[in-house]
Amino acid sequence: MPPAAREVLALLACLAAGLAASQDFPLRYGQAPSAYKSVYSLPIAVAQRQGFFRANGVDFRTVVPLDGGADRMVAGLHDGTFDLMHIATTFLVRANLAGSDVVAIAAEFGNPIYSLIARADVSRIEALKGRTVGLADPGGSITYSMRKLFARHGLGESDLQVKTIEGTPSRLGCLRRGECDAVPLGQPQDMLAVAEGFRLLGRSSDVVPPYVYTVTAARRSWAAANSDAVVRYVRALAAAQHAIADPNMRPAIAATLAEATDVPLAIAESVLRLYAQPGPRVIPAQAEIDPQGIRQVIAFMSEAGQLKGPMPDAARFIDLRYLQAAGIR
Amino acid sequence: MLAAAAARAGAGAADHDEPGPDDGPVYFGFVKDVSGVPVRDARVTASHKDVTFMVKTNATGGYRFNVFAKNVNPGDVTISCAKPGYRQARVFRYPLPRDKPVKSVETECRLQREKS
């Protein structure tokens with residue numbers, strides 16, 4: 001090849017590299033309907049509203065399959081519907097053990113606070129004996145934490161009339177209709193319920209050790225082949241979580257939460273005050289995954305009878321390379 | 001107001017509730033093949049800005065979205081359809097009323113079977 005032609009090719013290669021560097025990485029992020037418009041969408045909403053994805057060169061799009069439970073969501077990773085997804089750690093463990101190569105690449109929420117909210121005439125947990133309680137998925141961490149709370153007050157599940165009701169809004173509905181005497185509610189519905197006159201009896205955070213509640217997950221193989229995009233995503237998520245913890249950002253974050261979850265601003269501000277209280281972090285500082293928090297989830301699942309045989313190693317469910325590449329320990 | 005807000009606000013990732021009605025018009029319609037036969041289990045997407053919602057069609061090829069707020073301009077919502085073995089041939093939106101509030105937006109999506 002003549003030297004001039006080689007120079008042209010080299011220049012074209014440089015131009016192509018420059019163009020690629022200036023283009024955003026497209027990322028499709030799957031979010032279950034239950035998470036969309038919930039408080040658990042806050043870090044992503046902040047990253048979008050504050051421009052953290054754009055600043056890190058990510059062309060970010062949220063995909064919400066309305067017919068999707070956790071299994072459908074994991075299938076969405078495998079059939080290419082989306083690249084990353086939001087998932088509760090228990091469901092990730094279940095999917096991984098069933099053969100998927102899905103792993104956590106960043107933590108979104110840890111140590112959720114579920115409030116046990118009761119009718120106004122129920123003044124203490126012991127008074128729920130023989131009454132109807134609406135609980136979530138029997139194998140999930142919400143129900144696990146409520147069992148712990150009841151046990152601390154001398155109640156076993158046989159002491160209660162238990163209904164399985166999926167979703168905080170549905171459980172609040174059961175309470176409002178008078179069909180449930182008590183239910184666990186997340187934010188912001190627990191605060192709305194108390195404002196309506198219902199009574200707060202206790203919180204999940206009083207009885208369970210720290211754990212990793214929800215994560216961003218990817219197929220291990222896909223993440224390895226798209227590591228640059230994943231690292232950019234992790235940086236944006238970490239920036240959002242840092243902003244949520246920044247007192248100077250509180251008004252902007254409250255406005256985002258109110259908008260993202262369709263609640264009044266005052267309720268959103270109350271939620272942020274609750275999350276800022278001393279104790280285990282509800283939202284990680286910078287997307288870090290604590291392997292001990294994953295081990296705790298495995299222990300929950302084992303205690304609930306969902307895992308047979310020896311407990312699996314937490315390392316199987318996480319891939320820390322992208323956090324490390326983003327400078328996060 | 002608070003009750004409506006609570007009903008709309010979703011639950012945790014361990015729960016499974018769809019977003020509730022969001023005050024905006026219902027986006028609905030049918031997916032058919034080019035000869036007019038309904039296509040079931042086709043994936044229909046409704047996209048607005050940086051969010052895409054997805055559903056599958058029922059046995060009559062029908063779909064329905066009730067997820068956009070009333071301040072979303074229907075002209076900014078893009079409907080598309082797909083199914084393995086087909087390509088999207090045409091998307092047709094029925095005209096919206098000009099002199100009254102839009103309560104529903106009907107869009108028909110046609111698929112053409114790909115030649116094997």
Side-chain angles (χ1 to χ4, degrees), chain A residues 28 31-41 48 53 59-70 76 81 86-91 108-109 112 114 136-137 140-143 166-173 176 185-189 192-193 195-196 213-214 260-264 267, chain B residues 1-24 26-29 31 40-59 62-72 76-85:
Chain A
R28 294 161 302 159
Q31 201 168 50
S34 60
Y36 181 72
K37 289 210 158 191
S38 84
V39 72
Y40 301 104
S41 68
Q48 288 178 300
F53 288 125
D59 177 12
F60 188 86
R61 168 163 288 277
T62 303
V63 179
V64 184
L66 295 177
D67 53 358
T81 301
H86 168 102
I87 189 170
T89 312
T90 47
F91 295 144
E108 295 192 23
F109 256 77
Y114 276 88
D137 183 327
S141 58
I142 303 170
T143 297
E166 301 283 3
T168 279
S170 300
R171 289 192 293 274
L172 177 57
R176 283 179 172 146
L185 301 178
Q187 291 71 51
Q189 287 89 347
L192 292 167
E196 291 173 20
Y213 182 46
T214 63
T261 60
D262 283 347
V263 297
I267 293 287
Chain B
M1 160 100 182
L2 293 185
R8 285 197 297 269
D15 302 320
H16 301 287
D17 292 323
E18 289 189 10
D22 215 351
D23 299 336
V26 173
Y27 293 74
F28 76 104
V31 175
R40 69 181 301 169
D41 289 331
R43 179 189 291 173
V44 183
T45 59
S47 299
H48 178 254
K49 293 187 176 173
D50 51 9
V51 179
T52 296
F53 295 94
M54 292 173 32
V55 293
K56 281 196 170 178
T57 54
N58 60 21
Y63 71 87
R64 175 186 170 92
F65 294 98
N66 194 10
V67 292
F68 294 111
K70 60 184 172 188
N71 61 355
V72 172
D76 295 335
V77 175
T78 303
I79 302 289
S80 62
C81 60
K83 183 169 181 173

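Residue numbers start from 1 in every chain, and the chains themselves are labelled A, B, ... in the order their sequence lines are given, proteins ahead of strands.
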Enquirer: Against chain B, work out which of A/Thr89, A/Val63, A/Thr62 has the most heavy-atom pairs shorter than 4.5 Å and name it.
Expert: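 Heavy-atom pairs under 4.5 Å are most numerous for A/Thr62.
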Enquirer: Start with the C-alpha distance between B/Ile79 and B/Tyr63, add both sets of side-chain angles, then the distance that settles side-chain contact (heavy atoms from CB on, under 4.5 Å), and finish with yes or no.
Expert: CA-CA 11 Å; B/Ile79 302 289; B/Tyr63 71 87; 3.7 Å; yes
Enquirer: Are more than 12 heavy atoms, taken from residues, nucleotides or ligands other than B/Arg64, located less than 6.0 Å from that residue's CZ atom?
Expert: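 Open: at most 12 neighbouring heavy atoms sit under 6.0 Å from CZ of B/Arg64.
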Enquirer: Could you tell me which of B/Met54, B/Arg43, B/Lys49 has the largest number of non-hydrogen atom pairs under 4.5 Å with chain A?
Expert: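 Result: the option with the highest number of such pairs is B/Met54.
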Enquirer: Take the angle between the ring planes of B/Phe68 and B/Phe53 and call it parallel below 30°, perpendicular above 60°, tilted in between.
Expert: perpendicular
Enquirer: Is A/Glu108 close to chain B through its backbone or its side chain, or both, or neither, when contacts mean heavy atoms under 4.5 Å?
Expert: neither
Enquirer: Is there a donor in the side chain of B/Ser47 and an acceptor in the side chain of B/Thr78, or the other way round, less than 3.5 Å apart?
Expert: no
